[in-house]
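Reckoned from all heavy atoms, side chains included, excluding hydrogens, waters and symmetry mates. For this chain, numbers begin at 1 and follow the sequence in order. Values in this document were obtained by computation on a predicted structure and should not be read as measured data.
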Amino acid sequence: MGEASKVFPAGDPEVRHRRTSNGLVEVHGPNGTKRLNLEELSHDDAQLAAQFGYKPVFKREFGYLSTFSFAVSISGLFSTIMTTFSYPLAAGGSAAAVWCWLISGAGCMALALSVAELVSAYPTSGGLYFTISRLAPKEWVASLSWVTGWINLLGQVAGVASSEYGAAAMLLAAVSIGSDFEYEITVNTTIGVMAALTVLTGLVNSMSTYWMEKMTKAYVIFHVLVLVSCSIALLVMTDNKHDAKYVFTNVESASGWNPTGFSFLFGFLSVSWTMTDYDATAHITEEISEPEVKAPWAISMAMLFTYVAGFLFNIVLCFCMGDPSEILVSPLAQPVAQIYYNSLGKSGGIAFTVFGFIIIKFVCFTAMQSLGRTVFAFSRDRLLPLSSVWVQINSFTGTPLYAVWISTFFCIVINLIGLGSYAAIAGVFNICAIALDWSYIIPIVCKVTFGKFEPGPWHLGKYSTFVNAYCCIWTFFVTIIFLLPTVRPVAADTMNYACVFLVFILVCSAIFWYAGGRRYYTGPVVEAQGGDSEGETSSGVKFDSKGDVKEVLG
């Protein structure tokens, strides 16, 4: 047996990977020794085991179409605009809805491309959290990956929770339209429906990856058909449309902030909430064939589609919305659903509101899949309490069921605060964009600062540093905006509670760190020794320039 090449996951000296002379990788841990024959694994699984030190546990069911559809479903463009259209409309009127999307979308695209570049280089379920181990100096890995992981987890929980709340609001809006507005929508009812819908999401995510892939593949076609048909119907059926001058230049603020130009900035939230969670696709890379190519391609193309289509759909809504002050106080609590009702009548209003509900439920399904895989990946590195529970894979479904259901539980819990204050729910929307984007910015800053990045097959080339720098500057700017209260004067029911959520999760992670995490956690899996120019890894697998397994070394 040759000299062992050791890899230390989670900083535990009792858990290590060792290459044997016959091409086996031995994984020694608390549950005994597992052997992986790299020659019998697919290229992707062999690379996962050899290059990143992880045991393959998922089936790779996702191809190009399903991966692209998954990435598109995370944005849920048609429904997420329905959920957040009120923010730019109240902040600056029609002009804010149009131009905030174009301006903020450019920053979001830069961030998405930067994320895609990292995902191509390090395709693991840990997502950008894992990349810290390859981008930061060794002495900084533990603390940076700890903070990045916890912020990312908060963002994903807030993302699923806010999407489920939006789904409940849409479903009840359709019920209200069907009752000719006699049914009164309350926050308490919305939260009750939200809880039931979140349980449904947990049940769907209890299925195997095979069925999740089949369901996801059909989504993108349905989404595009709904988006196009709704846009055509609104333009044809709306009698009194606004003119182009109004759509592109009218600025009205209902926020109370002065000057109005500053209030205008709050319109950035709509696109930032829609165009985020870029690394959701990264969290299922261990279920994708050729993830180093397909995952970044899907992220970049899905976000480009969302950017362009979202800009056009906002323009359509602004042409057809009528008086913005009236739809903002709609009893439906959904301005876009009110637009559908006003322009398309009762049947059309119900139909497209229900379509929006179906689409946002797909957002919840895929976002929960990503969140469950994140909890699994973080537990694999012992980032979370009771990690040995959440890392377990169900033998029947081949998925981490415990991770899915603990995620479901906390997504319900975070929305229960809405029983005390609706403003707290708005804070969940805000913190989703802030937390997720900062969990991406930290590794991107490490990439630019420390110069340790080794690009994968998909990369930005000579434009990489510029795009990375721009997305960092943009994220810092909008974070300040999203932490401010969107309405003045500020009171308990108009406070922006995003800062409270952010401080809470940072305090919790700090307590857990000092209570025990710092004693055993040294970051994600880190290789003890590098490879040669052709890609020889410390686990004894040599990859060629295309990333294919060239030789299993003895």
Side-chain angles (χ1 to χ4, degrees), residues 74 108 111-112 114-115 118-119 122 124-133 135-136 140-163 269 272-273 275-280 282-283 367 370-385 387 390 403 406-407 410-411 413-414 427-447 449 471-472 474-483 496-514 517-518 521 523-524:
I74 286 297
C108 293
L111 186 52
S114 298
V115 168
L118 291 177
V119 171
Y122 314 106
T124 75
S125 290
L128 268 66
Y129 147 85
F130 175 87
T131 67
I132 296 291
S133 66
L135 300 174
W140 289 18
V141 168
S143 56
L144 286 178
S145 60
W146 184 274
V147 172
T148 301
W150 278 92
I151 293 177
N152 183 267
L153 197 62
L154 168 64
Q156 289 200 59
V157 170
V160 176
S162 54
S163 298
L269 178 62
S272 292
W273 190 75
M275 292 180 64
T276 191
D277 209 2
Y278 318 105
D279 75 326
H283 294 300
S370 171
L371 175 56
R373 298 331 184 245
T374 303
V375 172
F376 164 83
F378 288 0
S379 299
R380 183 167 58 183
D381 290 330
R382 296 177 64 190
L383 181 74
L384 305 178
S387 291
W390 320 130
I406 192 62
S407 302
F410 277 106
C411 288
V413 167
I414 196 173
V428 176
F429 280 75
N430 287 351
I431 197 59
C432 168
I434 295 170
L436 284 174
D437 288 356
W438 272 98
S439 72
Y440 310 146
I441 289 301
I442 293 172
I444 291 171
V445 169
C446 290
K447 169 185 176 293
T449 304
C471 76
C472 291
W474 174 257
T475 301
F476 179 77
F477 169 69
V478 294
T479 296
I480 297 173
I481 302 300
F482 294 162
L483 288 175
N496 185 350
Y497 289 94
C499 55
V500 178
F501 293 131
L502 185 59
V503 170
F504 176 75
I505 195 66
L506 290 176
V507 168
C508 288
S509 67
I511 292 173
F512 186 35
W513 172 259
Y514 286 106
R518 59 178 176 169
Y521 182 79

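- Taking every heavy atom of both residues into account, Ser379 and Leu384 meet most closely at OG-CD1, 3.8 Å.
- Considering only heavy atoms from C-beta on, Leu269 comes within 4.5 Å of Phe482 through its side chain.
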Note to self: Working note: Ile505 + Leu153, criterion side-chain contact (heavy atoms from CB on, under 4.5 Å); need CA distance, chi angles, decisive distance, verdict.
What the structure shows: CA-CA 9 Å; Ile505 195 66; Leu153 197 62; over 6 Å; no
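- The OG1 atom of Thr374 sits 10.5 Å away from atom CZ of Arg380, with the distance rounded to the nearest 0.5 Å.
- In this structure, Val445 and Cys472 approach most closely via the heavy-atom pair CG2-SG, 3.8 Å.
- Note that CH2 of Trp390 is 14.0 Å distant from CG of Leu383, once rounded to the nearest 0.5 Å.
- Taken to the nearest 0.5 Å, the OG atom of Ser145 stands 3.0 Å off from the OH atom of Tyr521.
- Here the straight-line distance linking atom CD1 of Ile441 with atom OG of Ser114 works out to 7.0 Å at 0.5 Å rounding.
- With a 6.0 Å radius and a threshold of 12 heavy atoms from other residues, nucleotides or ligands, Phe476 has its CZ atom at or below the threshold.
- A donor-acceptor contact shorter than 3.5 Å is absent between the side chain of Thr449 and the backbone of Cys446.
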Next item on the list: Could you please spell out the steps behind the side-chain contact (heavy atoms from CB on, under 4.5 Å) verdict for Val160 and Ser407?
Entry: CA-CA 9 Å; Val160 176; Ser407 302; over 6 Å; no
Notebook entry, point to check: After noting the C-alpha distance and the side-chain angles of Phe378 and Asn152, does the key distance pass the side-chain contact (heavy atoms from CB on, under 4.5 Å) rule?
Noted result: CA-CA 11 Å; Phe378 288 0; Asn152 183 267; 4.2 Å; yes
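- Taking 4.5 Å as the limit, every side-chain heavy atom of Ser509 sits out of range of all side-chain heavy atoms of Leu154.
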Check: Taking it one step at a time, do Phe504 and Phe501 satisfy side-chain contact (heavy atoms from CB on, under 4.5 Å)?
Finding: CA-CA 5 Å; Phe504 176 75; Phe501 293 131; 5.6 Å; no
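- Remark: aromatic rings of Phe512 and Trp146 are close, center separation under 6.0 Å.
- Heavy atoms only, all atoms of each residue included: Gly155 and Cys432 are closest at O-SG, 3.9 Å.
- Of all non-hydrogen atoms in Thr148 and Ser439, the two that sit nearest each other are CG2-O, 3.4 Å.
- The shortest heavy-atom contact between Leu135 and Lys447 is CD1-CB, 4.2 Å.
- In this structure, Ala403 and Phe376 approach most closely via the heavy-atom pair CB-N, 4.1 Å.
- Interatomic distance, Thr475 OG1 to Trp438 CH2, rounded to the nearest 0.5 Å: 7.0 Å.
- Two residues are said to be in side-chain contact when any heavy atoms from C-beta on lie closer than 4.5 Å; Val478 and Ile434 fail this criterion.
- Side chains of Ser133 and Tyr122: a donor-acceptor N/O pair is absent below 3.5 angstrom, by distance only.
- Between the Trp140 side chain and the Ile132 main chain, no donor and acceptor come within less than 3.5 Å of each other.
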